[in-house]
Amino acid sequence: VVLEPEEPLATARRAFYAGMVALRDALSAHAPPERPITFAWPDAIYVDGGLIGGGRLAWPVGAAETEPPEWLVFGASVRTVAMGAEGAGLSPLGGALDEEGFDDLGSGRLVAIDAWQANEFATVTRNYVHHLTTEKGAISALDRNGNLLVRWRGQKEADRHDLAAALAVPSWLDPATGGPRA
C-alpha cells in the first residue's frame with residue numbers, strides 16, 4: 001500500500017501499525033474459531049504461537065524526520081503453505097496458514113489498508129497493543145511517534161524502543177529464504 005503522508009516522517013511511521021492491524025483483521029476473517037493472532041513488536045505476526053510472517057514499511061532514503069516524506073509503502077508477507085523438509089507441524093516456532101486451519105485463503109484474498117487518518121491513531125494503537133505479546137509483568141504502550149514503551153512493575157521510567165531502528169531490519173524475515181523465519 002502506498003501512502004502520501006501529510007505529517008513529518010517521525011510520526012507518519014505510525015501508519016505501520018494501521019497496516020499490521022489491517023493484516024490481522026484480514027487474517028481473523030478467515031481464521032478458525034479461537035485461533036489467537038498476535039504481534040511481536042514491531043513487525044512479526046503469529047498464529048497460535050507460530051510465526052507466519054510480518055509487515056514492512058519503507059520510506060525515501062534521506063527523508064528528514066521533521067518533514068513529510070514523499071511516500072511510505074506498507075507491505076506484508078505471510079506464509080500460506082508450509083514447504084520444507086521438516087514436514088507439517090514439526091517447526092513449533094514457525095507456522096503456515098494451511099497448518100493453522102485457514103481454508104481457501106490465497107495471498108490475493110488478503111488486503112492491507114484502505115486509508116489511514118491521523119485521528120485514528122488512538123484506535124489503531126489500542127488494537128495493536130491489545131494483540132501484542134509481552135513478557136509477564138510488562139505494560140506496553142506506544143508514544144506519539146510509535147516507539148514502544150515498556151514499563152515494568154516498580155520501574156519509574158519506561159524502556160523505550162525506537163520504531164525507526166526496529167523497522168530497519170525485519171525481525172521475522174529470513175534473509176536466506178526471503179520468507180518468514182522457521
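We're numbering straight along the sequence, starting at 1.
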Heavy-atom side-chain proximity of [X] to [Y] below 4.5 angstrom:
X	Y	answer
P170	R56	yes
V47	P36	no
L23	L27	yes
L57	L72	yes

For [Y], does its backbone N or O pair with a side-chain atom of [X] as donor and acceptor, under 3.5 Å?
X	Y	result
Y17	G146	yes
R79	L51	yes
R24	T38	no
R14	T11	yes

Distance to the ring centre below 6.0 angstrom and angle to the axis at most 45 degrees; does that hold for R13 and W59? yes

If you look at every heavy atom in [X] and [Y], which pair is closest and at what distance?
X	Y	result
F74	M20	CZ-N, 3.8 Å
W172	S77	CH2-CB, 3.5 Å
P5	P68	O-CB, 3.7 Å
V129	S140	CG1-O, 3.5 Å
L132	A40	CD1-C, 4.1 Å

When clusters are formed from ILVMFWY side-chain contacts under 4.5 Å, directly or step by step, what else is grouped with I139? none

Under the side-chain contact (heavy atoms from CB on, under 4.5 Å) test, residues paired with N147 that sit two or more places apart: D143, N145, R160, D162, L163

Residues which pass side-chain contact (heavy atoms from CB on, under 4.5 Å) with A138, listed by chain and number, not counting sequence neighbours: T134, V150, W152

Ionic contact status for R151 with E157, cut-off 4.0 Å: no

Charged N-O contact under 4.0 Å between R181 and D174: no

OH-CG distance between Y128 and L142, expressed to the nearest 0.5 angstrom: 7.0 Å

To the nearest 0.5 Å, atom CG of D25 lies from atom CG of N127 at 6.0 Å

Indicate the ring-plane relationship of F39 and H131, choosing parallel, tilted or perpendicular according to the 30° and 60° boundaries. perpendicular

